[in-house]
Number of protein chains: 2
Amino acid sequence: MPAKTRTPRNTLSPELIVRTALDLMEGQGTDAFSLRGLAAELGVGPMALYTYFRNKDDLYDAVRDHLMGLIPPVPEGVAWPDQVRAVCRGLRALMLQHPCLAQLLAGRPLSGHETARVAEGLLGVLRSAGFDAQTAARTHTTLFTYVLGATSWEIQMAAERQDPQERRRLRATIESLSPTEFPTVVELTPELSRTTGGDEQFDYGLDLLLAGLQRGQQASG
Amino acid sequence: MPAKTRTPRNTLSPELIVRTALDLMEGQGTDAFSLRGLAAELGVGPMALYTYFRNKDDLYDAVRDHLMGLIPPVPEGVAWPDQVRAVCRGLRALMLQHPCLAQLLAGRPLSGHETARVAEGLLGVLRSAGFDAQTAARTHTTLFTYVLGATSWEIQMAAERQDPQERRRLRATIESLSPTEFPTVVELTPELSRTTGGDEQFDYGLDLLLAGLQRGQQASG
DNA sequence: ACGGTGTACTATACACCGTACGGTAGACGT
DNA sequence: ACGTCTACCGTACGGTGTATAGTACACCGT
């Protein structure tokens, strides 16, 4: 009784749809992605997709979980702070490589097998490092939200810097700031734009968190 | 020659539009917000709004800057870590009070007078605390992205918890995880859901960052 | 071999979106 | 009093996600 096995009979399959969707999102921007465009790319009618996904959000979830599967496993044989660094950097690298991932993570709840795998890796590291259940959970959430926030910001800033119109708008905004009202902002504008994004900025914040963690660990244990 | 002064002649004004838009976003959710709905609420045609705002994004920017103006100024007469805490908590509190702010901050570049004011406050604190220009800029970005990421996540989780359908979906996802494949996730699920969101979770991450900062400051100066 | 059933996909349609374009009516400087 | 400027309107276009109904083909029990 095979029954419920949805054996794709013809051209379509969930994997193909997800892969094509991902290509489109990366090629033309996440915001410009549409089910109709995806269907056209696949050479089918828009409604054909509804055989495989309940709706657009369901497809988004599938794409997100597919991407999360690309995060490398936790490295063995190194100290736990380096394991944490590896996981965080892996997630960031994936988000930079697939900018749509930032929006997919921000806009939808977590779910999916691969997403759980990543969480399992990070939580396992923290537990092995000796953190109690609550601290491990708190730290996991903190690290995850930091990576998400920092990298999303980075991606957005990078996208803007490429849009000439936005560049002009940004420059105009900065130049319109009165140096007497906002002395520090005006003074640090070059630093702010130089330090926005990049591995160094990301690692700076990550190291702050890890330093705080190790200090707390030292104090309590 | 007054010339360019766009004196609102009748019912509309930028302030009224922004305030009404904010009400609608909070009342019915940011995603459900539309220019047509806003115009209807104001009793005008959709195109009337284009007299005051170039497009929807322009209106979003105005709403965002309006909200940023509600962040209280940096408190005087306390140690700098407490000043940092106050600014970060102020931003988080505002985001929680106006959930649309998270999406407005995430989806658009920073701009606007009030936004610059907030940056000025935090940067000034860091400079006064003795950080050099680059470290102050890096720290500012780190803190900002942390607050943004952590609070956005918190808001999203809270929104989901209220949707019964999402609740069921989440529970189903968790229960489908094999305890042998994801032992730590399964074990820590109660901790994870208990510690997601809330002042304690936010302060935990913020204190990690501040602890790292103070440790670095001690070491270098 | 063949009719019935289930399913992958199509066709049509609906409600809604942002906004480009052109028009109108009333306030204002002269 | 008149011309100009502008706040707002009406219409229209191309786009969206998706509900609903229909179609054609693969499979299965007979």
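Sequence lines set the chain letters: A, B, ... in the order given, protein chains first and strands last, and positions in each chain run from 1. Values reported hereafter were calculated over all heavy atoms of this structure, with side chains retained and with hydrogens, waters and symmetry mates removed. Owing to the predicted nature of the structure, the values given are computational and were not obtained by experimental measurement.
With pairs defined as Watson-Crick or G-U wobble and both atom distances under 3.5 Å, the stems of at least three pairs that touch DNA chain D come out as C:1-30 with D:1-30.
Using a 4.0 Å heavy-atom criterion, one finds that A:A48 contacts the bases of the nucleic acid, with or without backbone contacts as well.
The distance from atom CG of A:L12 to atom P of C:dT10 is 8 Å, rounded to the nearest whole Å. To the nearest angstrom, P of D:dT6 lies 19 Å from CG of B:L49.
B:R92 forms a cation-pi arrangement with B:F202, by the criterion of a distance under 6.0 Å to the ring centre and an angle within 45° of the ring axis.
Ring geometry for B:F182 against A:H113 counts as perpendicular: the plane angle is over 60°, on a 0 to 90° scale with 30° as the lower cut. Using a 30° and 60° split on the angle between ring planes, B:F144 and A:W153 fall in the perpendicular class, above 60°.
In this model, no donor atom of one side chain and acceptor atom of the other lie less than 3.5 Å apart for A:S152 and A:Q103. Side-chain N/O atoms of A:H98 and A:E26 include a donor and acceptor closer than 3.5 Å. For the residue pair B:Y204/A:T135, the side-chain donor-acceptor check at 3.5 Å is not satisfied.
Here A:L126 contributes atom CG and A:L213 contributes atom CG; the two are 7.5 Å apart, rounded to the nearest 0.5 Å.
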Practice prompt. List the steps, then state whether side chain to side chain contact (heavy atoms under 4.5 Å, CB included) holds for B:I71 with B:R117.
Written response: CA-CA 9 Å; B:I71 293 185; B:R117 192 187 56 90; 4.2 Å; yes
Practice prompt. List the protein contact pattern of nucleotides 11-23 of chain D with one symbol per nucleotide (5' to 3'): B for base contact, S for sugar-phosphate-only contact, - for none; contact means a heavy-atom distance under 4.0 Å.
Written response: -B---BBBBB---
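Comparing C:dA8, D:dC8, C:dT10 by their closest approach to the side chain of A:T51 singles out C:dA8.
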